[in-house]
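One structure below.
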There are 2 protein chains.
Amino acid sequence: MVLSKACTYGILASLYVTREANRSKGYVSIGRMSKELNISFHFLTKILQQLTSAGILSSMKGPKGGVALKRNPQEISLVDIVVAIDGMGLFTDCLLGLPGCGEEKPCPVHDEWAGIRADLFHTFRGKSLAETAKRIDELNLRFALPSESEEGGKSIRDFRNLL
Amino acid sequence: MVLSKACTYGILASLYVTREANRSKGYVSIGRMSKELNISFHFLTKILQQLTSAGILSSMKGPKGGVALKRNPQEISLVDIVVAIDGMGLFTDCLLGLPGCGEEKPCPVHDEWAGIRADLFHTFRGKSLAETAKRIDELNLRFALPSESEEGGKSIRDFRNLL
DNA sequence: TTGATTTAAGACTCTTCTATCTTAAATAGA
DNA sequence: TCTATTTAAGATAGAAGAGTCTTAAATCAA
């Protein structure tokens with residue numbers, strides 16, 4: 001898995017908060033969010049705490065409490081979320097896990113992977129929460145996990161796209 | 001982590017076997033390989049069993065036994081190793097883990113990720129064991145894990161390369 | 001002030017991945 | 001044939017990730 005589960009949940013939740021912020025002021029309830037995204041409440045709470053301590057979200061306890069974006073959603077990139085939860089490893093580590101792999105002491109696939117991971121970094125660093133949330137609305141995209149009732153049935157693995 | 005530990009070990013071992021095959025005929029000892037690559041013998045054995053049952057390696061028990069490439073190393077790509085151990089998920093699954101994500105029912109980052117993962121697939125599908133092993137010799141690259149004595153000290157994370 | 005609501009924090013469980021250990025099976029060579 | 005060697009296979013253990021549960025702390029509203 002490229003991103004941890006916690007990280008993907010963090011991204012989905014951040015997009016949810018961004019969209020809610022466009023509709024109404026105030027904090028977004030974690031309870032409500034967990035229901036709509038079909039993410040375990042307690043697990044989601046932990047993830048949002050990480051985003052809060054990373055300075056991406058702010059939170060408020062009590063009635064009408066919840067979480068809110070701390071900065072302008074145009075200034076928060078998807079990479080910010082990934083780094084806050086999974087760290088920089090995806091964008092810096094050797095594909096083969098060789099410590100110290102780098103320009104001076106490369107592994108057999110260093111150049112290829114370095115190019116792809118840099119592409120990954122720049123692509124998602126260039127996508128802000130605002131822009132991504134906007135596209136969700138415009139194209140009516142899905143961004144919640146399937147509910148129990150929805151079948152879902154693992155992921156569709158379309159090999160044909162690769163050939 | 002993009003590749004599982006088992007998968008990276010499998011790649012390193014496959015490259016080791018490829019290079020050994022250039023020097024001498026016969027099977028490559030797993031015991032010797034585990035020592036030179038600094039990979040746990042029993043764990044490595046399990047991984048090589050997966051490659052054997054995937055038809056990538058053949059094995060022989062007893063004295064002078066070990067593993068050998070079953071096919072020409074020019075016809076085995078790095079993707080073959082990855083797929084044998086980690087499966088196709090890396091090249092087919094949604095970055096956000098949404099089941100059913102695809103052209104018809106995309107997630108908010110489907111297009112971007114689909115492009116990068118296809119790039120990843122084609123890049124490493126285009127790299128054969130023979131070609132990669134050759135480059136190791138030519139450029140004197142490293143492809144073993146650091147030994148206990150070598151400090152190693154986690155990986156070097158050079159953020160500057162990204163900015 | 002009191003009570004209901006909501007996030008914070010820590011302990012705990014469950015699963016998967018990683019790694020180790022033991023025993024069995026096959027093979028080469030004496 | 002007998003023995004040492006080497007991979008195969010299964011059981012076990014340890015570590016990390018994923019998810020749950022309980023209690024505490026803060027806040028709003030009555």
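Below, read A as the first sequence line, B as the second, and so on, with proteins coming before strands; counting in each chain starts at 1. Predicted model only: the values in this text are computed from it and were never measured.
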Considering only nitrogen or oxygen atoms on both sides, find all protein atoms under 3.5 Å from nucleotides 9-13 of chain D and state each distance.
{"residue": "D:dG10", "atom": "N7", "partner": "B:K46", "partner atom": "NZ", "Å": "3.2"}
{"residue": "D:dG10", "atom": "O6", "partner": "B:K46", "partner atom": "NZ", "Å": "3.0"}

Rounded to the nearest angstrom, tell me the gap between atom [atom1] in [X] and atom [atom2] in [N].
X: B:I47; N: D:dT7; atom1: CD1; atom2: P; value: 14 Å
X: A:I30; N: C:dT5; atom1: CD1; atom2: P; value: 17 Å
X: B:L44; N: D:dT7; atom1: CG; atom2: C1'; value: 11 Å
X: A:Q50; N: D:dA18; atom1: CD; atom2: C1'; value: 12 Å
X: B:L48; N: D:dT6; atom1: CG; atom2: P; value: 15 Å

Using a distance-only test with no angle check, is there a side-chain donor-acceptor pair under 3.5 angstrom linking B:S4 and B:D86? yes
Side chains of B:N22 and B:T18, donor plus acceptor under 3.5 Å: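 No pair is found: no donor N or O on one side chain lies under 3.5 Å from an acceptor on the other.
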Taking atom CD of B:Q74 as the centre, report whether more than 12 heavy atoms of other residues, nucleotides or ligands fall under 6.0 Å from it.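 Counting neighbours around CD of B:Q74, 12 or fewer heavy atoms of other residues, nucleotides or ligands fall under 6.0 Å, so no.
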How long is the span from the [atom1] atom in [X] to the [atom2] atom in [Y], to the nearest 0.5 Å?
X: B:L141; Y: B:T132; atom1: CG; atom2: OG1; value: 10.0 Å
X: A:F143; Y: A:S14; atom1: CZ; atom2: OG; value: 10.5 Å
X: A:D119; Y: A:R117; atom1: CG; atom2: CZ; value: 12.5 Å

Restricting to nitrogen or oxygen on both sides, can you table the protein-nucleotides 16-18 of chain C pairs closer than 3.5 Å?
{"residue": "C:dT18", "atom": "OP1", "partner": "B:K5", "partner atom": "N", "Å": "2.9"}

Is the shortest distance from a Lys or Arg side-chain nitrogen in A:E20 or A:R32 to a carboxylate oxygen in the other one below 4.0 Å?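 Looking at A:E20 and A:R32, the cut-off is met.
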Regarding B:K127 and B:E131, does a basic nitrogen lie under 4.0 Å from an acidic carboxylate oxygen? yes
Please check if B:Y9 and B:M1 belong to a single hydrophobic cluster, counting links between Ile, Leu, Val, Met, Phe, Trp and Tyr side chain heavy atoms closer than 4.5 Å. no
Sugar-phosphate only, base, or nothing, as touched by A:F41 at under 4.0 Å among non-hydrogen atoms: base
Expected list for residues 55-70 of chain B near DNA chain C, using heavy atoms below 4.0 Å, is B:M60, B:K61, B:G62, B:P63, B:K64
Please lay out, stage by stage, how B:E112 and A:R135 fare under the test salt bridge (charged side-chain N to carboxylate O under 4.0 Å, His left out). CA-CA 13 Å; B:E112 291 82 357; A:R135 191 161 58 155; 3.1 Å; yes
Yes or no on side chain to side chain contact (heavy atoms under 4.5 Å, CB included) for A:C101 and A:C107, after CA distance, side-chain angles and deciding distance? CA-CA 6 Å; A:C101 172; A:C107 79; 3.8 Å; yes
